[in-house]
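The structure under discussion appears below in the form of structure tokens.
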Amino acid sequence: MRLTAAIALLLAAALAVWAWWARPVRVAPSATVATPVANGDAAGLGAESPGWVDNTGVAPPVRSPADAPTDQVPGTGLLIPVQGIDASQLADTFTDARSEGRQHDAIDIMAPAGTPVLAVADGHVEKLFDSERGGLTVYQFEPSGRFAYYYGHLQAYAPGLAEGLQVRRGDVLGTVGTTGNASDDAPHLHFAIFRLGAEKRWWEGDAINPYPHLREGTLPR
């Protein structure tokens, strides 16, 4: 009888040890780790602008131009509207001849397709337009309403860009492309400045040469 009781006690102890060892263990979820990627991977904006994607593989929403940081290029004059381009790389093509006897009335800023296009100054988006010649375009009015800035041949608009949106100097408006009548092997930004009339019509105005203003970082007057 005593032997049987001892065996029973040993079996009970063994079962208790096995039950403790085999118990389910609760593991706290691991924290999300942010990994830097390009916004081009997350939102089609090219590899120049940093963005973030978490370790779940889901990219967070890309900020609209109104939420983007605006202190990356301090200053009060016109900013060169293509990221990574400096004044020495600009060419004055304002008076170049174009088809049908037209004058260019703008400058072309050459850059790889997908390079971010930046707002040259504070203002608001007056019109987003897709034209036969200019392709995807942005018309931006500066705060006084006297001048319009024109960005043409864009590959894409920045996420969240919309008519009426307030933008700050340096905000991303879109990316360099070849839409409209631009050559597929020569992506560039067609940039123009217009002095607006009293009617403030986005589609008309007196052209002003952007080249000296971009070279010298001054505002049109």
Side-chain angles (χ1 to χ4, degrees), residues 39 43-46 49 62-68 78-83 85 93-94 96 98-184 186-211 213-214 219-220:
N39 268 0
L45 280 187
S49 300
V62 177
R63 290 175 296 185
S64 73
D67 298 325
L78 288 191
L79 177 69
I80 294 175
V82 177
Q83 184 170 295
I85 300 296
T93 58
F94 184 76
D96 285 4
R98 290 296 186 263
S99 62
E100 301 172 5
R102 295 178 296 115
Q103 181 174 290
H104 194 202
D105 287 345
I107 68 169
D108 290 338
I109 304 175
M110 312 306 292
T115 303
V117 170
L118 312 176
V120 294
D122 294 352
H124 74 272
V125 177
E126 176 69 15
K127 185 69 177 179
L128 301 179
F129 193 66
D130 188 356
S131 71
E132 181 179 353
R133 288 178 179 166
L136 290 181
T137 61
V138 175
Y139 290 84
Q140 176 196 347
F141 281 13
E142 49 85 39
S144 74
R146 293 182 300 150
F147 300 99
Y149 304 124
Y150 174 94
Y151 311 78
H153 302 314
L154 301 182
Q155 180 184 70
Y157 294 129
L161 196 73
E163 292 177 7
L165 183 70
Q166 295 292 321
V167 294
R168 301 294 302 275
R169 184 180 191 269
D171 283 350
V172 177
L173 302 179
T175 53
V176 171
T178 58
T179 56
N181 64 4
S183 172
D184 289 340
H188 64 277
L189 175 69
H190 175 102
F191 180 72
I193 303 175
F194 298 100
R195 180 179 284 106
L196 297 168
E199 301 83 2
K200 312 299 183 189
R201 293 171 176 166
W202 56 267
W203 65 91
E204 65 181 15
D206 296 325
I208 297 172
N209 190 350
Y211 179 76
H213 295 289
L214 295 179
L219 293 171

Could you walk me through whether Leu189 and Ile85 satisfy the side chain to side chain contact (heavy atoms under 4.5 Å, CB included) test, starting with their C-alpha distance in whole Å, then the side-chain angles of each, then the deciding distance to 0.1 Å, before giving a yes or no?
CA-CA 11 Å; Leu189 175 69; Ile85 300 296; over 6 Å; no
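- Closest non-hydrogen pair, Thr178 versus Ser183, comes out as CG2-O, 3.3 Å.
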When you look at Leu196 and Phe147, which way does the side chain to side chain contact (heavy atoms under 4.5 Å, CB included) test go after all the steps?
CA-CA 5 Å; Leu196 297 168; Phe147 300 99; 5.8 Å; no
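- Residues Ala106 and Ala192 share a closest heavy-atom pair of CB-CB, 3.8 Å.
- When atom types are taken as modelled, the side chain of His153 and the backbone of Thr179 share a donor-acceptor pair closer than 3.5 angstrom.
- Rounding to the nearest 0.5 Å places NE2 of His190 at 8.0 Å from CG of Asp105.
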Dump the intermediate steps for side chain to side chain contact (heavy atoms under 4.5 Å, CB included) on Val120 and His213, then the final yes or no.
CA-CA 10 Å; Val120 294; His213 295 289; over 6 Å; no
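- None of Tyr149, Tyr151, Trp202 except one satisfies the side chain to side chain donor-acceptor pair (under 3.5 Å) rule with Gln140; the exception is Tyr151.
- The line from CG of Asp108 to CZ of Phe191 is 12.0 Å long, rounded to the nearest 0.5 Å.
- Contact record, Ala111 with Val82: CB-CG1, 3.6 Å, taken as the closest heavy-atom pair.
- Using a 4.5 Å heavy-atom cutoff, the side chains of Leu214 and Pro81 are in contact.
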Set out, in order, the CA-CA distance, both residues' side-chain angles and the distance that settles side chain to side chain contact (heavy atoms under 4.5 Å, CB included) for Val117 and Val176, then state yes or no.
CA-CA 6 Å; Val117 170; Val176 171; 3.8 Å; yes
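- Expressed to the nearest 0.5 Å, how far NZ of Lys200 lies from CZ of Arg146 amounts to 8.5 Å.
- Under the side chain to side chain contact (heavy atoms under 4.5 Å, CB included) criterion, Ala162 pairs with no residue at all, not counting sequence neighbours.
- Between Val138 and Leu128, the closest side-chain pair of non-hydrogen atoms falls below 4.5 Å.
- If you take CG on Asn209 and OG1 on Thr93, they are separated by 8.0 Å, rounding to the nearest 0.5 Å.
- With rounding to the nearest 0.5 angstrom, the CG atom of Leu136 is 11.0 Å from the CZ atom of Phe129.
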